[in-house]
Peer 1: 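Take this structure, written in structure tokens, and hold onto it; I'll ask about it next.
Just so we're clear, the structure is a prediction, and the values are computed from it rather than from any experiment. Letters A, B, ... mirror the listed sequences (proteins, then strands); counts begin at 1.
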2 protein chains.
Amino acid sequence: MPSPAGITELRKSTHAIPDATVARLPIYHRVLTSLLESGVESVSSHELAEVCGVNSAKLRKDLSHLGSYGTRGVGYRVEYLLFQIAREIGYAQDWPVVIVGVGNLGNALAGYAGSADRGFRIVGLIDSDADLVGQTIAGVEVRDLVELETVIAEHSASIGVIATPASAAQAVCDRLVASGVTSILNFAPSVLTVPQGVDVRKVDLGTELQILAFHQQQRAEGLRTGKTSKRTSPSPALENIS
Amino acid sequence: MPSPAGITELRKSTHAIPDATVARLPIYHRVLTSLLESGVESVSSHELAEVCGVNSAKLRKDLSHLGSYGTRGVGYRVEYLLFQIAREIGYAQDWPVVIVGVGNLGNALAGYAGSADRGFRIVGLIDSDADLVGQTIAGVEVRDLVELETVIAEHSASIGVIATPASAAQAVCDRLVASGVTSILNFAPSVLTVPQGVDVRKVDLGTELQILAFHQQQRAEGLRTGKTSKRTSPSPALENIS
DNA sequence: GAACGCTTGTGAACGATCGCACAAAGTCTG
DNA sequence: CAGACTTTGTGCGATCGTTCACAAGCGTTC
């Protein structure tokens, strides 16, 4: 996907679900939840794929990695499939998450992951700004940076989010790892170095914009040379006509 | 008489750059900028790859798609390479960007893309909240949602960012597209449907967290079944262990 | 200027992912 | 209960991306 790629060491311990599939499961989950709320009881791979913006064969193959939860000639029972996906991605686990850096971005994240019960619980908001420390955001009190290790230990958090300026990212990362965090979501525009066994995913707003700008530029050049581009809905990338 | 070889030749001049490479160019650009500021004049693919967190062969192949800008036996001249990458990704173009939805996320984006000259210029901040309209954020005045089309037309913006709640995303998207926007960065957790020719990239904070949670769960299961990930050796090489 | 060491650029093998197309397996109808 | 119809699950080839390994090229040294 597009997309950002996480370094994943160690896998295959269970039944090896491809990374590309894992990246799509949350989308299926969200759409299925929406369908369930709409009272839909059964759905075919074509219908579901349409709404999720993917190929129906891809969707079926993705689901087949979890098991055979469909019924031939009928489709998938929404509630059952939803349950199976939720179980697979650890939806019900309520993972404790610590967010470091409570600027606008950290704030947005706190509200996002904290409000809807998405399987996460914000157990720590941490910032070095004395004006922020002590405030309560999304029901959680902001703690000082020096308490980072304490907060993590208190809740046995294993997932950390870095929403600090780039200059602080590596230092924060090191402290997270030293405290036992093994999964990190990094929003700072910097490359993090971590020991083996730690999973880092990077989301870079600037990079995303620049990728769009690149495609936009290609399109402009394409117009100049008389090329047209066609593309349907989701998924990035431009067209390459032979 | 047009031969297939001729077509291949033509393709090279425009975009023969793989998506995966495009996604990494902004990272190279950022690291090179940093190196330039540090006074580094020349860098080898190994050094640069190390800092960027990628394989050196991959980096060389990525750069080779832009042209032969290195010197064998020496490496790459930082300033020259930086210029070439900047040109390729349209860094100097100062793309006009419109952001719809000025919540925490929109705010963060405005500050991010607006401050550092990353090749973008925020020309419009749009929200439907009357309390926000009229405020100035990152040097730009927030305009009402009804003015969306006007703002886009004013600046001929072709890149739009959706940072609204999911419920509003598709409607906003439709209006952006109708106004001529052909590149959209979507932060709302919803699948957008767009006509052909429009490029959509999706950044979903919840999905990213859930992917991390999945890996975390896999790790936990691995531990429970007694399977530990060996290979703790920090040295390179030593890949094939049976 | 020839020999040597270093680094780029790239052909080729490999691996992951995608999408087609179809058999398998179910429902429905008469 | 047989045959028509529907939809899943998947084998297989095509495509895309990564990594290896090495020839080609550059600078330096003797």
Peer 1: Which sits closer to the 5' end of DNA chain C, A:Ala20 or B:Gly67, going by the nucleotide each is nearest to?
Peer 2: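 Per heavy-atom nearest nucleotide, the more 5' residue is B:Gly67.
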
Peer 1: Please say whether more than 12 non-hydrogen atoms of neighbouring residues, nucleotides or ligands are located less than 6.0 Å from CD in B:Glu50.
Peer 2: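 No.
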
Peer 1: For the ring pair B:Tyr69 and B:Tyr80, is the centre-to-centre distance below 6.0 Å?
Peer 2: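 Yes, the ring centres sit under 6.0 Å apart.
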
Peer 1: When the distance from NE2 of A:His65 to C1' of C:dC18 is rounded to whole Å, what number comes out?
Peer 2: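 About 11 Å, once rounded to whole Å.
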
Peer 1: So, using ring pair (Phe, Tyr, Trp, His ring centres under 6.0 Å) as the criterion, who are the partners of A:Phe83 when residues are at least two apart?
Peer 2: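 Ring pair (Phe, Tyr, Trp, His ring centres under 6.0 Å) list for A:Phe83, sorted by chain: empty.
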
Peer 1: Return no unless some side-chain N or O of A:Tyr69 is found under 4.0 Å from OP1 or OP2 of D:dT7.
Peer 2: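 Negative; the distance criterion is not met.
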
Peer 1: Indicate whether OP1 or OP2 belonging to C:dC20 is found under 4.0 Å from a side-chain N or O atom of A:Asn55.
Peer 2: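 So the side chain of A:Asn55 is within the cut-off, an N or O lying under 4.0 Å from OP1 or OP2 of C:dC20.
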
Peer 1: Mark yes when over 12 heavy atoms from residues, nucleotides or ligands other than A:Arg77 sit less than 6.0 Å from its CZ; otherwise mark no.
Peer 2: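 Not more than 12 within 6.0 Å, no.
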
Peer 1: For each nucleotide in nucleotides 21-30 of chain D, reading 5' to 3', give B when a protein heavy atom comes within less than 4.0 Å of its base, S when such contact involves only the sugar-phosphate, and - otherwise.
Peer 2: B-BBBBS---

Peer 1: Which whole-number value in Å describes the distance from B:Leu63 CG to C:dT7 C1'?
Peer 2: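 It works out to 13 Å between those atoms.
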
Peer 1: In whole Å, I'd like the distance from the CZ atom of B:Arg24 to the C1' atom of D:dC16.
Peer 2: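 Atom CZ in B:Arg24 sits about 12 Å away from atom C1' in D:dC16.
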
Peer 1: Check the pair A:Arg60 / A:Ser45 against side-chain hydrogen bond (donor to acceptor under 3.5 Å, both in side chains), numbers first and verdict last.
Peer 2: CA-CA 6 Å; A:Arg60 286 198 301 277; A:Ser45 65; 2.9 Å; yes

Peer 1: Give a yes or no on whether the backbone of B:Ser190 and the side-chain of B:Asn186 come within a donor-acceptor separation of less than 3.5 Å.
Peer 2: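 Yes; at least one donor-acceptor contact below 3.5 Å.
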
Peer 1: So for A:Lys61 and C:dG19, does any side-chain atom that can act as donor or acceptor lie under 3.5 Å from a complementary atom in the base?
Peer 2: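 Such a pair exists between side chain and base.
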
Peer 1: Output every pair passing salt bridge (Lys or Arg N to Asp or Glu O under 4.0 Å) with a member in residues 24-33 of chain A, not counting sequence neighbours, ordered by first then second residue.
Peer 2: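 For residues 24-33 of chain A: A:Arg24-A:Asp62, A:Arg30-B:Asp204.
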
Peer 1: CG of A:Asp19 versus C1' of D:dT18: gap in Å, rounded?
Peer 2: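 Taking CG of A:Asp19 and C1' of D:dT18, I get 14 Å after rounding.
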
Peer 1: When you measure from every atom of DNA chain D, which of residues 40-50 of chain A have a heavy atom less than 4.0 Å away?
Peer 2: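 When residues 40-50 of chain A is checked for heavy atoms under 4.0 Å from DNA chain D, the hits, listed by number, are A:Ser44, A:Ser45.
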
Peer 1: Donor-acceptor pair, B:Glu88 side chain versus B:Leu66 backbone, under 3.5 Å?
Peer 2: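 No, because the side chain of B:Glu88 does not come within donor-acceptor range (under 3.5 Å) of the backbone of B:Leu66.
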
Peer 1: Which pairs, with at least one residue in residues 21-54 of chain A and sequence neighbours excluded, count as a ring pair (Phe, Tyr, Trp, His ring centres under 6.0 Å)?
Peer 2: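 Ring pair (Phe, Tyr, Trp, His ring centres under 6.0 Å) check on residues 21-54 of chain A returns A:His29-A:Tyr91.
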
Peer 1: Is any side-chain N or O of A:Tyr76 closer than 4.0 Å to OP1 or OP2 of C:dG26?
Peer 2: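 So the side-chain polar atoms of A:Tyr76 never come under 4.0 Å of the phosphate oxygens OP1 or OP2 of C:dG26.
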
Peer 1: Using whole Å, what does the distance between atom P of nucleotide D:dT10 and atom CG of A:Asp62 come to?
Peer 2: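 Going from CG in A:Asp62 over to P in D:dT10 covers 13 Å.
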
Peer 1: Between atom NZ in A:Lys58 and atom P in D:dC16, what is the gap in whole Å?
Peer 2: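 So the NZ-P distance, A:Lys58 to D:dC16, works out to 13 Å.
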
Peer 1: Could you tell me how far apart A:Leu81 (CG) and D:dT8 (P) are, to the nearest whole angstrom?
Peer 2: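 Rounding to the nearest Å, CG of A:Leu81 and P of D:dT8 are 11 Å apart.
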
Peer 1: Within the supplied structure, the quantity of interest is the number of heavy atoms (other residues, nucleotides, ligands) at a distance under 6.0 Å from B:Gln93 CD; does it exceed 12?
Peer 2: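 Count over threshold, so yes.
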
Peer 1: Between the side chain of B:Glu47 and the main-chain N/O of B:Ser44, is any donor-acceptor distance below 3.5 Å?
Peer 2: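 Here the side-chain-to-backbone pair exists.
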
Peer 1: Provide a list of protein-nucleic acid N or O atom pairs under 3.5 angstrom, restricted to nucleotides 28-30 of chain C.
Peer 2:
none

Peer 1: Between B:Gln216 and A:Thr182, does any side-chain donor sit less than 3.5 Å from a side-chain acceptor?
Peer 2: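 The answer is yes; a qualifying pair exists.
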
